[in-house]
There are 2 protein chains.
Amino acid sequence: MRIAVLASGEGTNLQALLDRVHGRDGIALVAVASDKPGARALERARAVGVESSVFPLERYGDRAARDRAMATWLAGQGAELIVLAGYMQLLSPGFLRRFDGRVINVHPALLPAFPGLRAIEQALDYGVKVFGVTVHFVDEGIDSGPVLLQRAVELPSARTVEEVRERLAPIEHELLPEAVRLIASGAVRIDADNPRRVVIER
Amino acid sequence: MRIAVLASGEGTNLQALLDRVHGRDGIALVAVASDKPGARALERARAVGVESSVFPLERYGDRAARDRAMATWLAGQGAELIVLAGYMQLLSPGFLRRFDGRVINVHPALLPAFPGLRAIEQALDYGVKVFGVTVHFVDEGIDSGPVLLQRAVELPSARTVEEVRERLAPIEHELLPEAVRLIASGAVRIDADNPRRVVIER
């Protein structure tokens, strides 16, 4: 399975995918795209010889046009699964239709709690005692698609975004590659009785 | 500390409190109230000689009047902490003002996800992979008060309310007594920087 990664920042989840699934079990990371010209994720891709390209909004006028160009480029690289790894833009409906059911995202909260930006801040502000990570299919809503994998961590005394992020990052780096492996191996399907429920046959 | 329990149904959380904190560490369960005349919780109270009383809405005309009568009865029993254990009614603002910051509830979800009725059904419908239990202070919203304790359980293959309830019930029976013990021992305070954050000093 040929996968592509979209990232806006550091690219630590991209690195986890490069380290843990790229080149194994018939999985190849074939393309990295970003909305941010300076994203460190692009460097990480170049460092291992993975094709990369940047699609800043300014260059295309609007999101739909940018996403059309990006989708065309990704399809040209043969991408079969699109993995959002710290990609900070909402994808347009046209993009999602083109890769229907083949876009996943990792989010630093136990969805449906704390969707959107600054999830860890939201959770700390609320005063939760359990934090977590969700990998989900992407639909047109904000972090609202069907859940693939979730893992929780009890941090009853957590006070700062940094200490929570430090605990969640290794979980993200484990769950996202796991989700890619499961999809690539054909273990993932949608429950016939509930389209929200993702069934995983391990 | 003298505690009172409000319950609408079976009273298994009441039983956990009777078994695990009643008569220990200076904690006495002094009153059980219900909105439902037939609630099994009332029997459990009688069986161990704890005062009980029933406050059906029909007898009082409206919720505010019912809650006034109930608050007066509870205060008369010397209740210092009110524990909702499967109490299916929303408490009126007057009741909450009278026991300000001294009402707690147990909820079978990781709040703020899935507040209100049928929390487990809501979670299954959403398709979550992590379920859990929250003990929280009660405010005027629906399951919206500050979180005292939370515990998560990963049930990625859960399909039915029964199997999830079976896993959450023992967690409720542990967390609710633990919350009562912590409050009674003076270990619980509100963070001066964030009134949503409950600090527990163990």
Side-chain angles (χ1 to χ4, degrees), chain A residues 107 109-115 119 121-137 139 141 143-161 164 171 174-175 178-179 182 187-202, chain B residues 107 109-115 119 121-137 139 141 143-161 164 171 174-175 178-179 182 187-202:
Chain A
H107 184 78
L110 292 171
L111 293 169
F114 314 120
E121 284 92 327
Q122 291 183 55
L124 282 168
D125 288 349
Y126 192 90
V128 296
K129 303 301 185 190
V130 170
F131 297 77
V133 171
T134 302
V135 177
H136 63 93
F137 284 108
D139 65 12
D143 299 321
S144 56
V147 173
L148 248 157
L149 298 172
Q150 286 185 309
R151 194 163 301 159
V153 53
E154 294 181 23
L155 301 171
S157 309
R159 287 186 155 280
T160 68
V161 172
V164 177
I171 299 175
E174 211 173 297
L175 284 198
E178 190 181 339
L182 288 166
V188 176
R189 62 178 176 81
I190 296 296
D191 190 339
D193 297 331
N194 175 6
R196 294 282 323 173
R197 185 164 176 272
V198 179
V199 180
I200 295 171
E201 280 144 353
R202 290 175 202 251
Chain B
H107 184 78
L110 292 171
L111 293 169
F114 314 121
E121 285 91 326
Q122 290 183 54
L124 281 169
D125 289 349
Y126 192 90
V128 297
K129 303 300 185 189
V130 170
F131 297 76
V133 171
T134 302
V135 178
H136 63 93
F137 285 108
D139 65 13
D143 300 320
S144 56
V147 173
L148 250 157
L149 298 172
Q150 286 184 311
R151 195 163 300 160
V153 53
E154 294 182 22
L155 300 173
S157 308
R159 288 188 156 277
T160 68
V161 172
V164 177
I171 300 176
E174 211 174 297
L175 284 197
E178 189 182 339
L182 288 166
V188 175
R189 63 179 176 78
I190 297 294
D191 189 338
D193 297 331
N194 175 7
R196 295 279 327 171
R197 186 164 173 271
V198 180
V199 180
I200 295 171
E201 279 143 354
R202 290 175 202 250

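Just so you know, these numbers come straight off a predicted model, no measurement behind them. So that the names make sense, note that chain A is the first sequence line, chain B the second, and so on, each numbered from 1.
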| query | Among A/Gln150, A/His136, A/Glu154, who wins on heavy-atom pairs under 4.5 Å with chain B? | reply | A/Gln150
For the pair [X] (side chain) and [Y] (backbone), establish whether a donor and an acceptor sit closer than 3.5 Å, ignoring hydrogens and angles.
X	Y	value
A/Lys129	B/Thr134	no
A/Arg196	B/Gly127	no
A/Arg197	B/Val128	no

| said: Are the side chains of B/Pro112 and A/Phe114 in contact, using a 4.5 Å heavy-atom criterion? | reply: yes
| field | Ionic contact status for B/Asp191 with A/Arg159, cut-off 4.0 Å | value | yes
| request: For each of B/Gly132, B/Ala158, B/Ala123, B/Pro146, tally heavy-atom pairs with chain A at distances under 4.5 Å, and name the one with the top tally. | output: B/Ala158
| request: Please name the pair of heavy atoms, one in B/Tyr126 and one in A/Asp143, separated by the smallest distance, quoted to 0.1 Å. | output: OH-O, 3.9 Å
| note | Scanning both residues in full, the closest heavy-atom pair of B/Asp125 with A/Asn194 reads O-ND2, 3.2 Å
| query | With A/Arg189, which residues qualify under side chain to side chain contact (heavy atoms under 4.5 Å, CB included), at least two apart? | reply | A/Val199, A/Glu201
| query | Does B/Glu178 have any side chain to side chain contact (heavy atoms under 4.5 Å, CB included) partners at least two apart in sequence or in another chain, and if so, which? | reply | B/Leu149, B/Arg151, B/Leu175, B/Arg181, B/Leu182, B/Arg202
